[in-house]
Amino acid sequence: MEKVLVSACLLGAPVRYDGTSKAVQHPLLSRWQQEGRLIALCPEQAGGLSTPRAPAERQGERVITVQGQDVTAAFLRGAQHALSTCLRHNISFAILKENSPSCGVTQAYDGSFQGQLVTGEGVTTALLRQHGIAVFSEQQLERLEQRLKKILSR
Ligand code: SF4
């Protein structure tokens, strides 16, 4: 069965920087979960960061907390962990949470901590894409459904 990596917070795990989740209620997500297709992971936790933790944003190739601490190494460790998980399960698709400095798919905060979004992607998203994994946001579930349908009809 084609497995899909998912940001753990989208499935209700309270792993975000402020200790909350960002659970998405969507029939496709529910169906994929019932099918046993979804593998949940929080890259920031996997990279060794605790919850709750200081909010962080990408500043070029670095990731910096609001207090100015450089947490790039932990973010890269988390991204590597996500990639290893994909390789282990032969995963070609991921659903990651939009706007996050790890998981953002089309946008990320601009590093000013002023709530400004810019076109971009998170550290984990970038690494997965470099390895040919197609990444969708929680707002693009129908697009993923189309891709999965094509594979199943082969
Ligand atoms: Fe969710 Fe990804 Fe942030 Fe973890 S790193 S809380 S999975 S958006």
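Start at 1 and go down the list; that is how both ligands and their atoms are numbered.
When all heavy atoms of Ala8 and Cys42 are compared, the closest pair comes out as CB-N, 3.9 Å.
Counting atoms of ligand 1 from 1 in the listed order, those under 4.0 Å from a heavy atom of Ala8 are 7 (S). Near Glu44, the atoms of ligand 1 lying under 4.0 angstrom from a non-hydrogen atom of the residue are 3 (Fe), 5 (S). Within ligand 1, the atoms closer than 4.0 Å to a non-hydrogen atom of Arg53 are 6 (S), numbered from 1 in the order shown. When each atom of ligand 1 is checked for a heavy atom of Pro43 under 4.0 Å away, the hits are 2 (Fe), 5 (S), 7 (S). Against a heavy-atom cut-off of under 4.0 Å, Ser100 is close to the following atoms of ligand 1: 3 (Fe), 8 (S). Atoms of ligand 1 found under 4.0 Å from any heavy atom of Lys97, numbered from 1 in the order shown, are 8 (S). Atoms of ligand 1 lying under 4.0 Å from at least one heavy atom of Arg16, given by number and element, are 6 (S). Close approach of ligand 1 to Val15 is summarised as follows: ligand atoms under 4.0 Å from at least one heavy atom of the residue are 6 (S).
Atom CZ of Arg143 has 12 or fewer neighbouring heavy atoms from other residues, nucleotides or ligands inside a 6.0 Å radius. Heavy atoms from other residues, nucleotides or ligands lying under 6.0 Å from CG of Asn90 number 12 at most.
Nearest protein heavy-atom neighbour of atom 1 (Fe) of ligand 1: Cys9 SG, 2.3 Å. Protein heavy atom nearest atom 4 (Fe) of ligand 1, with residue, atom name and distance: Cys42 SG, 2.3 Å.
For Cys103, the nearest N, O or S atom to atom 2 (Fe) of ligand 1 falls under 2.8 Å.
Checking side-chain atoms of Thr125 against main-chain N and O of Gly104 turns up a donor-acceptor pair under 3.5 Å.
Of the heavy atoms in Ser102, only side-chain atoms (C-beta onward) come closer than 4.0 Å to ligand 1.
By the 4.5 Å heavy-atom criterion applied to side chains, Ile95 and Leu144 are counted as neighbours.
Salt bridge status for Arg31 with Glu145: present, with a side-chain N to carboxylate O gap under 4.0 Å. Contact check on Arg37 versus Glu2 returns no salt bridge, with no Lys/Arg side-chain nitrogen under 4.0 Å from an Asp/Glu carboxylate oxygen.
Ligand 1 has no atom lying under 4.0 Å from any heavy atom of Glu98. The shortest heavy-atom distance from Leu41 to ligand 1 is under 4.0 Å.
A side-chain donor from one of Thr106 and Glu98 sits under 3.5 Å from a side-chain acceptor of the other. Residues Gln139 and His26 have side chains that never bring a donor and an acceptor to within less than 3.5 angstrom of each other.
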